[in-house]
Colleague: 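Before I ask anything, let me first share the structure, which is written out below as structure tokens.
On a predicted model such as this, the values are computed, not experimentally measured, just so you know. The first residue of the sequence shown is numbered 1, and numbering continues consecutively from there.
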Amino acid sequence: MINFLKKTDLKINNLIRQEFERHNEGLNLIASDNYTSLAVRSAVGSILSARYAEGYPEKRYYSGQQFIDQIEKIAIARAKKVFSANFANVQPHSGSQANQAVYFALLKPGDTVLSMKIDQGGHLSHGSPVNFSGSLYNFIFYGVDKKTEQIDFNEVRKIAKSKKPKLIIAGASSYSRQIDFSKFGKIAKETGSYLMADIAHIAGLVAADLHPHPFPYCDVVTMTTHKTLRGSRGGLILSKDKEIAEKIDKAIFPGLQGGPLQNEIAGKAVALKEAQQKKFVDYQKQVIKNAKVLADVFVENGFDLVSGGTDNHLILINLTKLGLSGKKVQEALELANLYVNRNMIPYDTRSKWETSGVRIGTPCVTTKGLKEKEMKQVASFVIRIIKNINNKEIRRKVKEEVIKLSKKFPIL
Ligand code: DSN
């Protein structure tokens with residue numbers, strides 16, 4: 001495939017090649033990234049992108065959909081099976097559009113929604129004032145307990161009881177602990193609210209039964225398919241009741257989107273088949289083990305982790321006592337080919353741009369094949385850079401070691 005590109009567009013071809021090499025000479029520790037299988041990539045790069053297919057299987061606007069329909073039906077069936085859902089919509093182009101569709105289906109502008117504070121683990125599309133969600137709906141927030149840095153269910157219940165939100169959102173983009181959907185479910189029942197789980201980050205762990213499932217506690221579940229789930233880029237919406245599922249289908253099309261990305265849907269179907277295999281479960285177990293090794297080594301070396309550790313695929317380092325910003329650490333690590341993202345920590349005193357934390361995740365390096373032994377090395381690379389933040393010689397040495405390690409585990 002790449003040979004066609006080389007002939008047609010050398011510039012783009014070279015940039016793709018360089019990006020490929022960057023992955024083989026570095027370690028991607030960004031918690032939301034992952035590498036799909038070549039099978040998923042083949043589906044995504046296939047002829048399927050040629051077609052418009054507005055509508056749903058058996059109810060399309062254009063002819064010639066017999067194979068497209070079968071692919072989408074398989075994706076739907078697999079999504080329902082993997083996540084024990086009654087209904088699935090596999091068409092959202094992204095996680096943000098999946099969330100948008102749920103709001104459009106269940107809410108009216110101005111309705112109250114209770115979600116996790118963005119700077120304590122929540123997501124932009126969970127009510128940030130600079131996002132459509134925060135401008136159209138009345139978002140109110142719960143946070144984490146100051147001491148445990150874990151979700152404070154007393155606070156969730158208290159706010160929910162006094163404000164009676166139409167929707168409660170359980171889900172986060174930088175939270176290293178298990179989310180107790182049953183507790184959220186109880187609260188939502190008490191207050192007559194809809195409950196939505198956004199499992200974008202943990203979808204792979206849920207699929208492998210290594211994190212509690214959001215059903216039967218939630219009415220609706222959204223996710224992206226390209227993070228821990230290791231599928232093509234896109235979103236997915238699951239629901240429990242027919243009435244809600246029908247509203248969501250209408251919200252996606254014709255409400256918000258036009259033609260679905262059938263190539264990405266095929267990639268989702270392939271990933272959902274892979275998610276039912278034992279080696280996927282083994283991979284997810286390793287993702288968690290690797291994150292725990294990182295957490296242990298950081299704690300042994302005197303680092304503060306938000307909530308003290310991890311139950312999932314990520315850790316959040318609190319840099320406050322080191323007097324460093326997340327931005328400074330992210331940039332120093334990048335110079336040694338170690339990729340992380342700066343992240344706010346609960347009750348952060350620095351801005352979103354600077355932050356007092358960095359988020360480190362294990363999905364990519366685990367897909368590459370790194371295990372506990374190598375994760376100890378990875379932790380020591382990060383620690384050496386942070387502890388010698390301005391030392392160019394140490395950075396040069398670490399970079400050499402990173403390249404050596406990464407090259408032992410090439411991506412496909
Ligand atoms: N950008 C994703 C993340 O890094 O968590 C969320 O959309």
Colleague: For Tyr339, is the NZ or CZ atom of Arg22 found under 6.0 angstrom from the centre of its six-membered ring and inside 45 degrees of the ring axis?
Modeller: yes
Colleague: Is a side-chain donor-acceptor pair under 3.5 Å present for Ser125 with Asn99?
Modeller: yes
Colleague: Please report the closest heavy-atom contact between Ile411 and His23, naming both atoms and the distance.
Modeller: CD1-CB, 3.5 Å
Colleague: Return yes when atom CZ of Phe104 has more than 12 non-hydrogen atoms of other residues, nucleotides or ligands closer than 6.0 Å, and no otherwise.
Modeller: no
Colleague: Between the side chains of Ser176 and Asn312, is a donor N or O closer than 3.5 angstrom to an acceptor N or O?
Modeller: no
Colleague: Flag the pair Lys117 / Val144 as yes when at least one side-chain heavy-atom distance between them is below 4.5 Å, and no otherwise.
Modeller: no
Colleague: Which distance, rounded to the nearest 0.5 Å, do you find between the OG of Ser356 and the CG of Asp304?
Modeller: 11.5 Å
Colleague: Please tell me whether Ser174 and Arg359 have a donor and an acceptor in their side chains that are separated by less than 3.5 angstrom.
Modeller: no
Colleague: Does Gln284 reach the side chain of Val281, with side-chain heavy atoms less than 4.5 Å apart?
Modeller: no
Colleague: Counting only heavy atoms not in Leu38, do more than 12 sit closer than 6.0 Å to its CG atom?
Modeller: yes
Colleague: Count the heavy atoms of every other residue, nucleotide or ligand shown that sit under 6.0 Å from OH of Tyr217, and state whether that count exceeds 12.
Modeller: no
Colleague: May I ask you to check whether Tyr103 and Phe139 place their ring centres under 6.0 Å from each other?
Modeller: yes
Colleague: Would you please indicate yes or no on a ring centroid separation below 6.0 angstrom for Tyr175 and His123?
Modeller: no
Colleague: Short question: side chain of His226, backbone of Gly234 - any donor-acceptor pair under 3.5 Å?
Modeller: yes
Colleague: If the plane angle is over 60° it's perpendicular, under 30° parallel, otherwise tilted; pick one for Phe253 and Tyr56.
Modeller: perpendicular
Colleague: To the nearest 0.5 angstrom, please state how far the CG atom of Leu333 sits from the CG atom of Asn341.
Modeller: 11.0 Å
Colleague: Could you measure the distance from the CD1 atom of Ile244 to the CD1 atom of Ile237? Nearest 0.5 Å is fine.
Modeller: 11.5 Å
Colleague: For the residue pair Phe132 and Tyr137, what are the closest heavy atoms and their distance?
Modeller: CE1-CE1, 4.4 Å
Colleague: Quick one, Arg396 with Glu393, criterion salt bridge (Lys or Arg N to Asp or Glu O under 4.0 Å). Give me CA distance, side-chain angles, the key distance, then yes/no.
Modeller: CA-CA 5 Å; Arg396 192 189 57 74; Glu393 186 48 27; 2.6 Å; yes
Colleague: Does Arg230 count as lying over the ring of Phe280, i.e. NZ or CZ under 6.0 Å from the six-ring centre, within 45 degrees of the axis?
Modeller: no
Colleague: Hey, could you give me the CD1/CG distance between Ile168 and Asp219, rounded to the nearest 0.5 Å?
Modeller: 10.0 Å
Colleague: In terms of side-chain heavy atoms, does Glu72 have a donor or acceptor partner in Gln91 at a distance below 3.5 Å?
Modeller: yes
